[in-house]
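Lettering of chains follows the sequences in order, A, B, ..., and the numbering in each one begins at 1.
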Number of protein chains: 2
Amino acid sequence: MPKSKRLMELMMTVNRKRRFKVQELADEFGVSKRTILRDLQELSELGVPLYSEVGPHGGYQVLRERVLPPIAFTEGEAVSMFFAVHALRHYSSLPFETESASALNKFYLHMPGDIRDRIDSMKDRVDFITPARRGDAPCLSVLLDAAIQGKVLVVQYESKEEGSHNRMIQPVCIYANNGLWYCTAYCFLRRGFRVFRCDRIREASYEATEVEPIELSDIRASRQGAATPREPVRLRAEFTRAGIQRCESELWLAPMLVVREDGSGWIDTEVARSDLPFFTEFFIALGKETVLQEPAELKNSIRQRLAELLERYE
Amino acid sequence: MPKSKRLMELMMTVNRKRRFKVQELADEFGVSKRTILRDLQELSELGVPLYSEVGPHGGYQVLRERVLPPIAFTEGEAVSMFFAVHALRHYSSLPFETESASALNKFYLHMPGDIRDRIDSMKDRVDFITPARRGDAPCLSVLLDAAIQGKVLVVQYESKEEGSHNRMIQPVCIYANNGLWYCTAYCFLRRGFRVFRCDRIREASYEATEVEPIELSDIRASRQGAATPREPVRLRAEFTRAGIQRCESELWLAPMLVVREDGSGWIDTEVARSDLPFFTEFFIALGKETVLQEPAELKNSIRQRLAELLERYE
DNA sequence: ATAATGGTGACAAGTCTTGTCATAAACTCA
DNA sequence: TGAGTTTATGACAAGACTTGTCACCATTAT
């Protein structure tokens with residue numbers, strides 16, 4: 001095998017196995033140890049961050065920095081990747097530390113000049129906005145780690161109602177929505193799946209929890225479990241065109257909407273009775289853009305609420 | 001220069017200049033044409049998509065696909081990039097066509113096995129959610145292109161009030177927010193900067209507009225121009241803790257909020273009189289979580305609105 | 001037709017690569 | 001302490017690979 005090809009393959013190989021001995025590679029490539037040593041030095045000069053230790057149990061290592069093999073990207077692909085990573089700057093907290101910033105930088109610096117020009121001309125013209133929020137979420141990486149490894153955490157959670165207290169939870173997944181991070185987790189206190197706002201989790205640690213982690217083979221099942229409504233109540237309402245447009249902004253509502261040709265529409269679904277206070281506010285906010293047909297119970301609570309408000313503003 | 005190094009440099013060079021002749025490179029590298037030809041063939045075998053045409057005015061070209069030079073990414077950087085691009089799948093429309101999907105795929109396939117494992121274990125655990133919206137925005141790439149090149153477009157816009165009609169606009173920038181795409185543009189009809197919802201732009205074309213594009217050297221100035229309030233009215237209000245939390249979800253409001261230690265807070269700012277109808281609805285939606293202090297005008301309109309609603313639900 | 005440009009094969013000169021050997025240094029473990 | 005393991009470096013000859021040259025072909029624009 002000619003040297004140039006061997007170097008390329010060597011690069012892939014050392015990236016695959018992060019630790020290796022010279023003899024190993026020599027056998028694998030059918031060349032002498034001396035040759036491999038020389039090759040490794042060249043790779044090193046080319047930027048692959050190799051580190052070696054002598055002695056028994058020694059050997060070579062690739063440091064955390066690894067060279068990805070060269071990839072053929074479309075110009076458009078490269079641009080897409082750039083803006084995707086660029087969008088992450090809106091997040092004040094990320095589960096991957098600050099590494100996206102340096103990735104962006106490296107990516108940008110390695111671009112051929114004309115692509116870089118194109119990016120420059122687009123940089124001020126395109127953006128994926130995420131609302132910048134105050135709440136930092138300091139525990140994201142711990143939560144993610146626990147989710148991946150299926151471990152139980154003790155967290156200090158500051159809930160809306162009860163103030164700050166400790167809970168044991170087993171994270172399932174974390175996600176960002178509308179500028180805030182949330183964590184779905186099994187809560188050992190409440191014995192069920194709950195969603196936690198990550199910025200309200202002040203501390204999280206693995207410390208000696210004797211609780212056995214539960215089995216989470218099917219994540220989706222657990223998610224659904226969290227959402228099953230009890231005490232269903234039928235909800236029917238008409239929406240004007242403007243009403244529909246506003247409803248479409250609501251994640252949970254959009255899938256249940258039925259839209260007519262002319263843009264207006266309606267909803268006919270079952271909701272949990274315990275959610276009625278929420279719907280009271282929701283329908284009030286919709287103002288004249290809706291006509292509520294059912295349930296009477298909701299109409300009543302809306303009337304009552306409106307009367308209270310009116311009194312407040314008198 | 002040894003061959004292996006020359007190959008690497010050659011890769012960079014052909015990526016920089018997308019069209020070139022063999023003789024050119026031969027001079028540049030101080031080797032013969034024959035050697036360059038052989039090298040180019042090797043690059044080709046390595047995946048660089050070269051294309052050549054014979055004859056005068058012929059020469060080599062790198063096709064739209066280009067090999068980015070190998071970049072040293074931290075493991076964390078690679079993972080961040082993956083999830084950043086992964087998040088784009090939530091968007092039903094993008095200004096860069098479908099190229100992010102293929103970028104993601106290539107990226108994933110080229111990862112060393114253990115990083116791929118790590119990504120797999122994280123894929124169901126982390127997400128950047130963007131509300132999935134119905135409205136497709138078919139014209140994004142045209143709008144972006146016009147913004148970059150400073151051209152005037154004729155668009156068919158379906159506005160909330162006036163239905164569908166044509167306008168001439170000069171796009172400034174486009175951005176995604178909460179699942180919808182918006183375009184800031186100079187509107188020649190209204191003679192000022194306006195924000196358009198891209199999914200309401202049915203068609204956009206360059207066709208023979210004799211209108212001269214305006215100068216947009218400073219984009220930020222133009223953005224501000226769009227936001228300067230006329231007929232300012234002083235707005236003062238108190239918010240409970242829960243009220244503050246809801247206000248923080250509002251992008252335009254968050255910067256003006258003042259938050260106290262205990263989580264409650266207030267606002268004291270100037271708004272345009274023309275926005276009062278909007279604030280009427282906004283404060284009604286806030287319910288009991290706020291106490292409006294000023295202006296009386298707004299209080300009146302809220303009262304009136306509440307009374308109307310109450311009647312509706314009677 | 002002519003000139004420009006890429007494409008291929010053959011071959012000798014010579015450069016670069018490789019394996020071997022010797023030696024050193026650092027480290028582990030018994 | 002000493003034996004064994006592993007990286008590290010230098011020297012050198014054999015030889016594998018690379019290079020330049022040259023001859024020739026194919027295609028295409030002018």
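Counting only N and O atoms by type, the side chains of Lys151(A) and Gln149(A) include a donor and acceptor under 3.5 Å apart. Side-chain atoms of Tyr206(B) and Asp145(B) include a donor-acceptor pair closer than 3.5 Å.
dT18(C) atom C1' lies 19 Å from atom NZ of Lys5(A), rounded to whole Å. Atom pair Arg6(A):CZ and dT17(C):P shows a separation of 9 Å (rounding to whole Å applied). Computed from coordinates, the Gln23(A) CD to dT20(C) C1' distance equals 14 Å when rounded to whole Å. Atom pair Tyr60(A):OH and dT5(D):C1' shows a separation of 15 Å (rounding to whole Å applied). Atom CZ in Arg19(A) sits about 12 Å away from atom P in dT6(D), given to the nearest Å. Atoms CD (Gln41(A)) and P (dT9(D)) sit 6 Å apart, rounded to a whole Å. When the P atom of dA11(D) is taken as reference, atom CG of Leu37(A) falls 17 Å away, rounded to whole Å. Remark: P of dG6(C) and CZ of Phe20(B) are 9 Å apart, rounded to the nearest angstrom.
In this structure, His57(A) and Pro56(B) both approach DNA chain D, and ranking their closest nucleotides by distance from the 5' end singles out His57(A). Map Gly55(A) and Ser32(A) each onto its nearest nucleotide of DNA chain C; the residue landing nearer the 5' end is Ser32(A). Mapping Val31(B) and Val54(A) onto DNA chain D via the closest heavy atom, the residue that lands nearer the 5' end is Val54(A).
Interface remark: the Arg38(B) side chain does not form any donor-acceptor pair with the dG7(C) base, using a distance-only criterion of under 3.5 Å. For a distance-only test at 3.5 Å, the side chain of Arg34(B) fails to qualify as a donor-acceptor partner of the base of dG7(C).
Within the 4.0 Å cut-off from OP1 or OP2 of dG19(C), at least one side-chain nitrogen or oxygen of Thr35(A) is found. The phosphate of dT6(D) has neither OP1 nor OP2 within less than 4.0 Å of any side-chain N or O from Ser52(A).
Within 4.0 Å of Lys33(A), counting heavy atoms only, lies at least one base atom of the nucleic acid. Using a 4.0 Å heavy-atom cutoff across all strands shown, Glu53(A) reaches sugar-phosphate atoms only and no base atom.
Salt-bridge check for Arg125(A) with Asp120(A): failed, with every basic side-chain N at 4.0 Å or more from each acidic carboxylate O. In this structure, Glu45(B) pairs ionically with Lys5(A), as a charged nitrogen and a carboxylate oxygen lie closer than 4.0 Å. A salt bridge does not link Arg34(B) with Asp39(B): none of the charged nitrogens is closer than 4.0 Å to a carboxylate oxygen.
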